[in-house]
Every structure is written in structure tokens, then in C-alpha cells.
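Structure, as C-alpha cells:
Quick note on labels: first sequence line is chain A, next is B, and so on, each numbered from 1. Owing to the predicted nature of the structure, the values given are computational and were not obtained by experimental measurement.
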2 protein chains.
Amino acid sequence: MKSIKISEAVVKRLPIYLRFLNELAMKNVLTVSSQDLGQKLNLNPAQIRKDLAYFGEFGKKGIGYDVNYLIEKIRQILKLDRQLPVALVGAGNLGRALCNYNIYLRDQMKIVAIFDVSADKINQTINNMNVQPMEHLAETIRAMKIRIGIITVPAAEAQNVANEFVKAGIEAILNFAPSILKVPPEIRVHHADFTAELQSLAYYLADDSEAQEEH
Amino acid sequence: MKSIKISEAVVKRLPIYLRFLNELAMKNVLTVSSQDLGQKLNLNPAQIRKDLAYFGEFGKKGIGYDVNYLIEKIRQILKLDRQLPVALVGAGNLGRALCNYNIYLRDQMKIVAIFDVSADKINQTINNMNVQPMEHLAETIRAMKIRIGIITVPAAEAQNVANEFVKAGIEAILNFAPSILKVPPEIRVHHADFTAELQSLAYYLADDSEAQEEH
DNA sequence: TAGATTGTTAATCGATTAACAATC
DNA sequence: TAGATTGTTAATCGATTAACAATC
């Protein structure tokens with residue numbers, strides 16, 4: 001079928017398009033041009049057209065894109081048109097925050113199971129879910145057909161959790177721990193690394209009086 | 001002075017190098033080659049050498065890089081060798097989680113002030129800091145010489161917060177809200193967008209029986 | 001019809017990787 | 001000295017942007 005390899009850069013932009021299109025739909029905007037999209041998202045219109053054209057001819061020449069149709073198509077491409085239950089390991093501050101963010105994910109993609117090692121976390125209730133012990137991980141993942149896992153444990157434990165996820169048949173992992181995971185090549189791992197994000201932000205600060213020069 | 005433009009991709013890798021070098025230093029490893037680094041970080045050794053060479057000659061031919069010296073140098077490059085106090089707006093679940101993560105940032109970069117609009121959040125204590133009303137933002141930022149701001153408010157309010165930050169003289173923003181911020185070009189904005197991260201992750205799931213085909 | 005905008009090819013730009021002389 | 005590894009140039013690869021025929 002489609003044999004063209006889609007680059008990661010393209011895939012990462014699709015959720016951005018989707019989000020803005022949803023905003024337009026809520027305002028009852030019916031069509032949008034690549035020009036408009038590019039303006040709002042700080043992207044080149046040609047890039048947006050090219051990105052979308054990888055997956056089909058979604059627009060109308062002279063008109064632009066039908067907002068609702070494009071939403072439907074991008075949701076299909078991203079596989080957001082089906083149930084995608086998510087498991088989370090690590091019921092610390094960050095883990096709890098993400099569970100409470102469920103509201104921001106659409107109904108289809110939702111954290112449905114939470115795990116932790118520590119006895120005092122287990123059986124806590126977070127957003128109507130009971131925190132389960134790690135021993136239940138594989139069983140729950142299979143029973144609930146969970147395919148995506150989130151890791152919010154300390155860096156030192158992240159690899160262990162990843163191993164458990166892989167053993168349990170998870171296909172994709174979002175890792176919030178500041179550590180590089182080693183997983184089989186068929187498992188997809190994305191990093192949400194906000195300490196790295198903050199540190200790279202510091203690079204762009206204007207030089208101040210404390211700037212170090214060789215001497 | 002240095003007039004070569006360093007690409008964003010290079011800057012984003014520096015914190016990754018730094019983190020692993022710190023791990024090595026804790027294990028009392030004295031030198032490391034680009035080969036070793038590449039292996040552990042899943043990067044091409046030539047890329048690592050080239051990245052570092054933009055900033056100076058930090059290695060020794062035939063030997064590799066002195067771990068502690070390279071840590072020092074990268075910290076200088078990223079401006080992590082000085083005090084970098086950070087302000088956070090939005091004392092919800094995520095904001096609170098980040099404030100408690102202060103431990104993961106090094107002493108130099110630390111969240112030192114928290115703000116929120118809602119009356120029931122103000123004067124709450126988070127990690128020994130009092131949540132302040134937005135009216136104090138500009139004053140506190142100037143008094144504490146804060147240059148970096150974190151936004152953890154709902155998407156609809158993010159732009160307003162960014163505007164306040166800019167007015168108060170913030171130089172760089174890390175935005176956790178799922179929204180595109182419009183700021184003057186001299187302000188650096190990074191996004192920590194985990195819903196987009198999760199959604200793009202779904203793309204890489206294997207096709208299942210529910211996959212939609214045109215018909 | 002005239003104006004607008006797509007889909008797509010070609011041109012450009014930038015980032016990654018390979019290769020190797022220099023040298024510890 | 002021989003082996004290892006850097007810094008750097010050249011080659012490759014991939015992503016972005018420009019341009020334009022097709023067409024609504």
C-alpha cells in the first residue's frame with residue numbers, strides 16, 4: 001500500500017494542525033487555506049500542503065480545506081479514530097498531574113490504569129482510578145488492550161519500567177524520566193524531557209556580566 | 001566574536017550530553033570518547049564531535065574527552081554556570097508537580113516564584129514557596145532578576161500570561177499549554193507539548209482491525 | 001471569466017555522516 | 001612506535017521552500 005516513508009517531522013506537525021483545526025471547528029469556521037494555517041502556526045504554507053499531500057488529496061483548489069473533513073482525516077492518520085487506552089507508571093506528582101489532564105486528551109486516548117511500586121501509593125485513588133501494584137501490570141495491560149505506556153518514575157527506575165512494558169506487549173512509550181531507554185527497535189519511544197528543554201532555553205539568554213570568557 | 005550560527009538541533013543535544021557526562025562523573029569515570037557517548041545516547045560519534053567542535057577543542061586526540069572538563073564547558077555554553085531563577089505561572093496539578101521537581105534542576109536553575117490568578121490558590125505553599133497573585137508578577141520578576149518563565153495555565157490563558165511575562169522583561173519561556181504563543185522575536189519560546197507527543201506516538205502503532213480504509 | 005488555492009516538481013537549504021590527516 | 005581518537009573537510013542525505021500548472 002503506502003510505501004513512502006513519512007518523516008518524523010511531518011508526523012509531529014499533524015497534532016498541531018489537528019489542534020488548531022479543532023479550534024476553528026468550535027468557532028464554526030468551515031474552510032481554511034494553507035495560507036491561514038501557516039500564518040497562525042508560524043509555518044510555511046507550502047510545507048503544510050506537502051505534509052497533508054503525503055496522505056491524500058484533502059483540499060479543493062481555489063477553496064482550501066474543509067475543516068471538519070480535514071479533522072476527520074488527520075484523526076484517522078494518527079489513529080485517534082479508535083479507542084487508545086494508556087497505562088501510566090509512577091504515581092508521583094507528575095504522574096498524578098498527567099492523570100488529571102485526561103480531560104485534555106480526547107475520549108479515545110485516555111489514561112485508564114496507573115501503577116506504582118511504593119506501598120503508600122498503591123490503592124490511592126487518582127481521577128477515579130486505583131493505583132495498582134506493578135505485579136498487576138502485564139495482566140491489566142492485556143485485559144484492557146493497552147498499547148501505549150507513560151513512564152513518570154525517577155530516572156534510575158525508568159529502564160526497568162520500560163522492560164516491564166515491553167514484556168507486557170506495549171507498542172509505544174512516552175518517557176518523562178530524564179534517561180535514554182534501550183528497547184527493541186519495533187517499540188516506539190518519545191521523550192518528554194522538560195529539564196533538557198529548560199536547559200537548552202538558557203542557551204538563548206542574552207549574555208550577561210557573568211558570561212565566562214577564556215583568559 | 002563567535003559569529004557562526006549554531007543550529008537548534010545542536011543546542012538541544014547539549015543537555016543530553018551533559019546529563020550523561022554527569023552520570024559518568026558520579027561513577028568516577030575520567031575520560032570518554034565520542035564513540036562511547038554515541039553508543040549510550042544512540043547518536044553518531046561524528047555528530048557528537050562536530051557538535052562539541054562548534055564551541056572549542058575540548059578533546060584530546062587519541063584519548064577522548066575529560067569528563068569533568070567537558071561538563072564544565074557545556075555548563076558554560078548553556079549558561080548553566082550562573083544563577084538562573086525561574087518563575088512559574090499556573091499552580092494547578094502540573095505546575096505543582098514541576099515546582100516539586102526543583103530537585104532535578106541543578107541549584108543554579110530553580111523555580112523561585114509561583115503565580116496564579118485564582119483566589120483559592122494564592123498563598124498556598126508549594127515546596128516552601130507562597131503562590132503569589134498575578135499583580136505581583138512584574139515586581140517579583142524584576143526584584144529576583146528572573147529571566148525564564150514557565151507557563152502551566154490552560155490554553156485559553158497562555159497568551160495572556162506570555163504577554164505579562166514579556167512586559168515584565170522575561171527573556172525565555174517554556175510553554176506547557178497546548179497553544180501557539182505570539183511573542184516578540186527576541187523572546188525565545190520552547191514548547192513542552194505532551195498531548196502532541198502522545199498523539200504523534202499513536203501514529204506509529206501497528207495497524208489493527210479498526211484501521212480505516214477508503215471505500 | 002478572474003481570482004484563489006491546491007498538489008507537486010524542482011531548487012534550495014541545512015543537517016548528518018563518512019573519511020582522513022593530525023596527533024596524543 | 002602502534003593504536004586510538006580527535007577536529008574538520010567533503011559527501012550524502014533529507015527537509016524546507018519556491019514556483020507553477022491544474023482547477024475550483
* Asked: In terms of the nearest nucleotide of DNA chain C, which residue is placed more toward the 5' end: A:G62 or A:A46?
  -> A:G62
* Between A:N68 and A:E72, is any side-chain donor less than 3.5 angstrom from a side-chain acceptor? -> no
* Step-by-step side chain to side chain contact (heavy atoms under 4.5 Å, CB included) determination, B:T140 to B:F115 -> CA-CA 10 Å; B:T140 302; B:F115 302 87; 3.8 Å; yes
* Structure fact -> In the 5' to 3' direction, the nucleotides of DNA chain D bounding the stretch that comes under 4.0 Å of a heavy atom in chain A are D:dA15 to D:dC24
* To do: With DNA chain D as reference, determine whether A:R13 or A:R49 sits nearer its 5' end, using the nearest nucleotide of each.
  => A:R13
* Structure fact -> Paired runs of 3 or more consecutive Watson-Crick or G-U pairs involving DNA chain D, with both pairing distances under 3.5 Å, are C:3-24 with D:3-24
* **Within 45° cone of A:Y65 ring axis and under 6.0 Å: A:K60 NZ or CZ** => no
* Asked: Quick one: CG on A:D51 to CD1 on A:I16, what's the gap to the nearest 0.5 Å?
  -> 11.5 Å
* Does B:T152 reach the main-chain N or O of B:V89 with its side chain, forming a donor-acceptor pair under 3.5 Å? -> yes
* Asked: Considering the options A:Q47, A:K40, A:Q39, which one meets the side chain to side chain contact (heavy atoms under 4.5 Å, CB included) requirement together with A:L43?
  -> A:Q47
* Asked: Going by distance alone, is a donor N or O of one side chain under 3.5 Å from an acceptor N or O of the other, for B:Q159 and B:N163?
  -> yes
* Say you draw a straight line from CZ of A:R13 to NZ of A:K50; how long is it, rounded to the nearest 0.5 Å? -> 10.0 Å
